Amino acid sequence: MPEIPLPLIKGDRHSDLDYRDNLPVNMTAVVRGIKGDKGYLLTHDGLTEFAQTNGKSRGGTFNERFNKHYRVSGDVFESISPEGVVTPIGVTSGDSVCSFANSFNTQAVLTDGKLFLWDNASLIQVTDPDLGFPIDITWFRGIYVMTDGEFLFHTDIANEFSISPLKFSSSEFASDRIIAVARNDQNQILAFNRYSVEYFIFNASAPVGTSVLQVITGKAAKIGIVGTKCQTEIDGLFFILGGRKEESPSIHILNASQELTVATREIDKIISNYSEAELSTAVLESRVVDRDKFLVVHLPNETLIYNHTIGKSMGPSVAWSYVKTGVEIDEPWRAKFGVFDPRASKWIYGDMKENKLAYLDKEVASQYGEQVENICYTPIVDIESASIDQFEIDTIPGYSSSDFTSAVSLSYDGTTYGQEFFNKISIPDKYSTRYIARRLGYIQDSFSFKFRIVSSDKMAFSGLRITYS
């Protein structure tokens, strides 16, 4: 009998007179040659409670100079110990996402236009009248560099609490507003504007009393970001949510003045469901786990993950997936503002629903002990007038904490899926269990599969083989 091998990393569907991708849900692709496939799907890491905080998470950072993990939760600036002990430091009132930077002497916290500096003993608000209303901050060769959306300005080298009214400069490559600032691996300042990015260096020969920021002539890009937190660095490259003036927002990689789009057509369609005002509240984060480099895109109503390692080796079309919270009601992934704490060797995340922190737990799929829903799909397969005799999926059985069941359903139209059939795919300590289903019925012209798991345990899915007659 003929056999068809099918990938599970990305599926297909019909929608709105169009062909669309069915992205995996709470499963991410992993690069590894296994049983003839270049990669496999692994359940996304779970969340295990780490600490109780003083409010909803508004951002966090790890300060290498002080060797401390800091966060803003609600209105409170906190220190987090490796054991999960939360120590309130002071009040940093506001309700927006915070920006962080640190010098050799202080930790800076920018919240709702107010700048606070913590010197490991006192939390002091900067009250210089020339501070204005900054929206983002970074550290650069002895100075804090900020933007208020119109200008770049910085603190005095001799006094971090002082801003000179003469030390302002502008990004004049285009007339668009400045949205964010960052520092790259070449120790240059990037001014992220709405439709452009301009680069600056430290000019040690700048006249006394003037800005030390000097634009790099000829180094700029005609692409920008839609919101202050719509940029993050991975592997020495900046990933951005934005675009050129004449195009819709998308996900791009910015490398100096060159850009590469990594969003697929499906991701662009998801992004297009939001207005630019809504997208301006999005948050992009990066994470590296077991050499896999992830981009996490927190949109207002959903969370997307891009595996940059998969994207480089197999292409962006198989590198995207959803992560979510909830089974019956879909919610964006509740974890946000991840910080890797080297003292605890954990990725620690704030929580969008409760006043607590969680660590990314590779041993479970559950979130705070609650089961999660994992879904993967196959492409649409054309087989005319045939019967599916059986299918088999390669898994890693026997390691689950309890009997592990998957629901499988068939679609004959690429749009709707029929009745679910449940198959046991893992029994504790039974390592030779095979996931096989037989006599699945007659196919008139095409079909596709959907596999759904609700469990606290992790599972890996690799090859799917279908036998028909």
Side-chain angles (χ1 to χ4, degrees), residues 26 28 42-90 92 96-102 107-111 118 120 123 229 232-234 239 283-298 303-308 323-325 331-370 372 456 458:
N26 283 341
T28 54
L42 181 65
T43 307
H44 191 261
D45 291 346
L47 299 171
T48 297
E49 185 169 333
F50 184 71
Q52 293 285 327
T53 60
N54 292 284
K56 298 291 191 305
S57 182
R58 294 174 54 213
T61 188
F62 189 83
N63 185 309
E64 296 85 358
R65 188 74 172 179
F66 296 161
N67 198 34
K68 296 283 184 66
H69 176 185
Y70 296 116
R71 286 197 169 266
V72 172
S73 301
D75 287 340
V76 182
F77 179 55
E78 306 165 330
S79 175
I80 315 298
S81 79
E83 298 75 32
V85 177
V86 177
T87 303
I89 294 174
T92 49
S96 65
V97 178
C98 297
S99 293
F100 300 86
N102 67 272
Q107 172 66 55
V109 183
L110 186 60
T111 166
W118 163 250
N120 219 12
L123 182 68
K229 298 305 176 183
T232 189
E233 192 175 5
I234 306 175
F239 284 69
V283 174
L284 270 59
E285 298 188 77
S286 58
R287 179 175 79 230
V288 179
V289 177
D290 296 335
R291 297 190 180 181
D292 277 317
K293 299 168 183 178
F294 295 99
L295 169 70
V296 185
V297 183
H298 299 274
T303 307
L304 301 169
I305 282 191
Y306 175 75
N307 187 330
H308 183 47
V323 283
K324 68 166 189 169
T325 293
E331 298 176 349
W333 194 44
R334 63 190 295 176
K336 206 170 187 179
F337 309 123
V339 172
F340 183 75
D341 189 332
R343 304 168 305 168
S345 294
K346 289 181 172 66
W347 276 97
I348 299 171
Y349 281 85
D351 191 84
M352 295 297 96
K353 297 179 69 176
E354 301 179 47
N355 298 352
K356 58 186 179 183
L357 303 176
Y359 68 87
L360 200 66
D361 192 342
K362 64 181 180 181
E363 301 299 324
V364 299
S366 58
Q367 297 178 14
Y368 302 104
E370 298 292 328
V372 298
S456 298
K458 297 192 71 171

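None of the values given here were measured: they were computed from a predicted structure. All values below come from the heavy atoms of this structure, side chains included, with hydrogens, waters and symmetry mates left out.
Take Ser286 and apply the side chain to side chain contact (heavy atoms under 4.5 Å, CB included) test, not counting sequence neighbours, and it matches Thr232, Ile234. With sequence neighbours excluded, the residues forming a side-chain hydrogen bond (donor to acceptor under 3.5 Å, both in side chains) with Trp118 are Tyr70, listed by chain and number. Judged as a side chain to side chain contact (heavy atoms under 4.5 Å, CB included), and not counting sequence neighbours, the contacts of Ala108 are Leu115, Leu117, Ile137, Tyr144. Shown here are the side chain to side chain contact (heavy atoms under 4.5 Å, CB included) partners of Glu233, two or more places apart in sequence or in another chain: Asp185, Phe238. Asn54 pairs by the side chain to side chain contact (heavy atoms under 4.5 Å, CB included) definition with Val76, Glu78, Val86, Pro88, not counting sequence neighbours. Evaluation of the side-chain hydrogen bond (donor to acceptor under 3.5 Å, both in side chains) rule for Ser456 yields no partner, not counting sequence neighbours. Evaluation of the ring pair (Phe, Tyr, Trp, His ring centres under 6.0 Å) rule for His44 yields Trp333 as partners, not counting sequence neighbours. Taking the side-chain hydrogen bond (donor to acceptor under 3.5 Å, both in side chains) definition, one finds that Thr111 meets it with Arg58, sequence neighbours left out. Remark: His298 engages no residue in a ring pair (Phe, Tyr, Trp, His ring centres under 6.0 Å) (not counting sequence neighbours).
Residues Met352 and Ser57 come closest through the heavy atom pair CE-O, 3.7 Å. Annotation for Pro82 and Ala344: closest pair O-CB, 3.8 Å, computed over non-hydrogen atoms. Ala51 and Gly84 get closest at one heavy-atom pair: CB-O, 3.2 Å. Residues Ser73 and Gly55 approach most closely at CB-O, 3.4 Å, considering heavy atoms. Between Ala365 and Val372, the shortest heavy-atom distance links the atoms O-CG2, 3.2 Å.
A 6.0 Å sphere centred on CG of Asp290 holds no more than 12 heavy atoms belonging to other residues, nucleotides or ligands. Annotation for Gln52: atom CD counts as buried by contact number, over 12 foreign heavy atoms lying within 6.0 Å.
Considering only heavy atoms from C-beta on, Gln107 stays 4.5 Å or farther from Asn120 through its side chain. Using a 4.5 Å heavy-atom threshold, the side chains of Val339 and Tyr349 count as separate.
Here the straight-line distance linking atom CG of Asn102 with atom CG of Asn63 works out to 4.0 Å at 0.5 Å rounding. Taking NZ of Lys293 as the reference point, atom CZ of Phe239 lies at 9.5 Å (rounded to 0.5 Å). For the atom pair CG of Leu360 and CD1 of Ile348, the computed distance is 10.5 Å after rounding to the nearest 0.5 Å. Residue Thr43 holds its OG1 atom at 6.5 Å from NZ of Lys458, rounded to the nearest 0.5 Å.
Counting only residues at least two apart or on different chains, the salt bridge (charged side-chain N to carboxylate O under 4.0 Å, His left out) pairs with a member in residues 355-366 are Glu49-Lys356, Glu354-Lys356. Counting only residues at least two apart or on different chains, the side-chain hydrogen bond (donor to acceptor under 3.5 Å, both in side chains) pairs with a member in residues 336-346 are Asp341-Arg343. Pairs engaging residues 61-71 under the salt bridge (charged side-chain N to carboxylate O under 4.0 Å, His left out) rule: none recorded [sequence neighbours left out].
Using a distance-only test at 3.5 Å, with no hydrogens or angles considered, a donor-acceptor pair links the side chain of Thr325 to the main chain of Arg334.
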(message) Applying side chain to side chain contact (heavy atoms under 4.5 Å, CB included) to Tyr368 and Asp351, what does each step give before you reach the verdict?
(response) CA-CA 11 Å; Tyr368 302 104; Asp351 191 84; 2.8 Å; yes
(request) Give the intermediate values and the outcome of side chain to side chain contact (heavy atoms under 4.5 Å, CB included) for residues Lys324 and Asn26. (result) CA-CA 6 Å; Lys324 68 166 189 169; Asn26 283 341; 3.7 Å; yes
(message) What verdict does the side chain to side chain contact (heavy atoms under 4.5 Å, CB included) test give for Phe100 and Val109, after you've listed the backbone C-alpha separation in whole Å, the side-chain angles of each residue and the deciding distance to 0.1 Å?
(response) CA-CA 5 Å; Phe100 300 86; Val109 183; 4.1 Å; yes
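Considering Leu295, Val297, Leu284, Thr28 in turn, Leu295 is the only one that fulfils the side-chain contact (heavy atoms from CB on, under 4.5 Å) rule with Tyr306.
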